[in-house]
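Just so you know, these numbers use all the heavy atoms, side chains as well, and skip hydrogens, waters and symmetry mates.
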Amino acid sequence: MSKDFYETLGVSRSSSDDEIKKAYRKLAMKYHPDRNPDNKEAEEKFKEIQKAYETLSDPQKKAAYDQYGHAAFEQAGGFGGGAGGFGGFGGGFSGSFGGDFGDIFSQMFGGGGQRQPNYQGADLQYGVEISLEEAAVGLKKQITIPTHAECDACHGSGAKAGTQATTCRTCGGTGTVHVRQAIFQIQQTCPTCHGSGKEIKDPCNKCHGEGRVKTTKTVEVNIPAGIDDGQRIRLTGEGELGTNGAPAGDLYIHVSVREHKIFQRDPHNPMDLHCELPISFTTAALGGEVEVPTLNGKVKMNVPAGTQNGKKLRIKGKGVPSVRDNRAIGDLYCHVIVETPINLTDRQKELLAEFEKIATGLDRSQTPRQKGFFDKLKEMFD
């Protein structure tokens, strides 16, 4: 028996959607095939993680999983009725699980039509990593993904040229069989024809009876300006082909934004950027003009005289545009760090010592932090 999905992701049943998503992303990055080339164990682990998240991230599937349990999931053959995708075919992706979850449980506990099943194609997942600069302006990116296509030798029939498939003797062409377990009569996919309703005596030499072959396709993805780390883009109908005329699945592009050396996005408002701005003691005291880096070049900024360490200075319109409205642009916040010089020369030390002598005569109003500190001390001991 495979591991419970909550155990696979390392979360509890009471975990929130965000906690489940964070756990999935952390594990997916760790076991991703691109990061573990030729590692079959990591590849299988990645498939398990993907399978668990596909179920627990969908409210309807999660509710049914919680109600019926993992054993029912295994008995039903997975939440997708056998249409699933495929993994481990390179390119940083994995298939997800097609089909209708409600149909599976209606079949398990009675019901279900006597017809050849047709399943929507599986959704595909693909990870794309971009820089913060690219996220700020947006870009079009071509990606090549592994997928399946109809076999051109048998035109999807799975049978060798000049032959044809026959009606399955086990299920009579319905694609399902009924099995009694305890008080339940469970409807399962036919073990002979695997749900197709047909038997192939002479399989096609090219696709070996599957009716489709592995291939790749190139898709152009429009990544919008302002996209944030962890967001995804959905391309409708770009997933796996459906069976028996059912629609294709979707392709989900998961975007990862690389950590920047200077800037950090505001976790509460991703349009705003933050950075540290080291300045000298002299500039902090006297004020002056400094050069500040932005995502699209350097700009000049005035530092007010008397600027204190930790002061936050704003440069309007130098953040990241809104992913919903590119006309709305965030701001850049520079956090001032007054840097204490090191490795001073004798002359520099002499001048600072002279300044210290003069500074002892400063009024407390000229040193606001010292004034506040000593005022608090006075309140404590008076």
Considering only heavy atoms from C-beta outward, does the side chain of [X] approach that of [Y] to under 4.5 Å?
X: Ser157; Y: Cys204; answer: no
X: Ile223; Y: Ile233; answer: yes
X: Asp229; Y: Val255; answer: no
X: Val323; Y: Asp228; answer: no
X: Ile130; Y: Ile227; answer: yes
X: Gln125; Y: Glu54; answer: yes
X: Met271; Y: Ser322; answer: yes
X: Val290; Y: Thr283; answer: yes

Would you compute the distance between atom [atom1] of [X] and atom [atom2] of [Y] and round it to the nearest 0.5 angstrom?
X: Leu56; Y: Ile20; atom1: CG; atom2: CD1; value: 5.0 Å
X: Leu251; Y: Thr236; atom1: CG; atom2: OG1; value: 10.0 Å
X: Gln50; Y: His32; atom1: CD; atom2: NE2; value: 8.5 Å
X: Lys316; Y: Tyr333; atom1: NZ; atom2: OH; value: 10.0 Å
X: Ile253; Y: Leu124; atom1: CD1; atom2: CG; value: 9.0 Å
X: Asp152; Y: Cys154; atom1: CG; atom2: SG; value: 8.5 Å

Measure across [X] and [Y] and return the closest heavy-atom pair with its distance rounded to 0.1 Å.
X: Phe263; Y: Leu295; result: CD1-CD2, 3.8 Å
X: Thr189; Y: Val177; result: O-CG2, 4.2 Å
X: Asp272; Y: Gly330; result: OD1-CA, 3.4 Å
X: Ile315; Y: Cys334; result: CD1-SG, 4.1 Å
X: Ala225; Y: Pro321; result: CB-CG, 4.0 Å
X: Val257; Y: Ala135; result: CG2-CB, 4.2 Å

Can you get from [X] to [Y] by hopping between Ile, Leu, Val, Met, Phe, Trp and Tyr side chains that sit under 4.5 Å apart?
X: Leu273; Y: Ile262; value: yes
X: Met301; Y: Leu286; value: no
X: Leu27; Y: Met29; value: no
X: Tyr252; Y: Val221; value: no
X: Leu277; Y: Ile337; value: no

Can a donor-acceptor pair be found, under 3.5 Å and without considering hydrogens, that links the side chain of [X] to the backbone of [Y]?
X: Glu44; Y: Ala42; result: no
X: Glu134; Y: Ser131; result: yes
X: Gln308; Y: Gly306; result: yes
X: Asn309; Y: Val338; result: yes
X: Glu210; Y: Cys207; result: no
X: Glu199; Y: Arg169; result: yes
X: Ser57; Y: Tyr53; result: yes
X: Glu19; Y: Ser16; result: yes
X: Asp123; Y: Glu240; result: no
X: Asp250; Y: Gly237; result: yes

Q: Look at the rings of Phe281 and Phe355 and say which category their plane angle falls in: under 30° parallel, 30 to 60° tilted, over 60° perpendicular.
A: perpendicular
Q: Starting from the C-alpha separation in whole Å, work towards a yes-or-no answer on side chain to side chain contact (heavy atoms under 4.5 Å, CB included) for Lys206 and Val213.
A: CA-CA 8 Å; Lys206 184 172 184 179; Val213 293; 4.3 Å; yes
Q: Tell me, with the steps shown, if His260 and Glu133 meet side chain to side chain contact (heavy atoms under 4.5 Å, CB included).
A: CA-CA 9 Å; His260 200 275; Glu133 287 84 356; 2.8 Å; yes
Q: Go through the steps for Thr163 and Ile200 under the test side chain to side chain contact (heavy atoms under 4.5 Å, CB included), then give the verdict.
A: CA-CA 9 Å; Thr163 67; Ile200 300 173; 6.0 Å; no
Is it true that [X] and [Y] make a salt bridge, defined as a side-chain N closer than 4.0 Å to a carboxylate O?
X: Lys51; Y: Glu48; answer: no
X: Glu43; Y: Lys47; answer: yes
X: Lys318; Y: Asp331; answer: no
X: Asp17; Y: Lys62; answer: no

**Q.** Derivation and outcome, side chain to side chain contact (heavy atoms under 4.5 Å, CB included), residues Val320 and Ile329
**A.** CA-CA 6 Å; Val320 175; Ile329 302 177; over 6 Å; no
Q: Starting from the C-alpha separation in whole Å, work towards a yes-or-no answer on salt bridge (Lys or Arg N to Asp or Glu O under 4.0 Å) for Glu220 and Lys141.
A: CA-CA 6 Å; Glu220 185 174 78; Lys141 193 175 184 70; over 6 Å; no
Q: Test Arg13 against Asp4 for salt bridge (Lys or Arg N to Asp or Glu O under 4.0 Å), laying out the working first.
A: CA-CA 11 Å; Arg13 291 183 175 270; Asp4 176 87; 3.0 Å; yes
Q: Please lay out, stage by stage, how Asn269 and Asp266 fare under the test side-chain hydrogen bond (donor to acceptor under 3.5 Å, both in side chains).
A: CA-CA 5 Å; Asn269 181 8; Asp266 192 314; over 6 Å; no
Q) Please walk me through it: do Ser14 and Ser12 pass side-chain hydrogen bond (donor to acceptor under 3.5 Å, both in side chains)? A) CA-CA 5 Å; Ser14 60; Ser12 67; 3.1 Å; yes
**Q.** Steps toward side-chain hydrogen bond (donor to acceptor under 3.5 Å, both in side chains) verdict (Glu150, His155)
**A.** CA-CA 6 Å; Glu150 183 181 276; His155 305 290; 4.7 Å; no
Q. Should Tyr31 and Phe46 be marked as a ring pair (Phe, Tyr, Trp, His ring centres under 6.0 Å) after you check the CA-CA gap, both sets of side-chain angles, and the distance that decides it?
A. CA-CA 5 Å; Tyr31 293 102; Phe46 183 77; 8.6 Å; no
Q: Might you confirm whether atom CG of Asp325 has over 12 heavy atoms from other residues, nucleotides or ligands at distances under 6.0 Å?
A: yes
**Q.** Enclosure of Gln164 CD (heavy-atom neighbours >12, cutoff 6.0 Å)
**A.** no
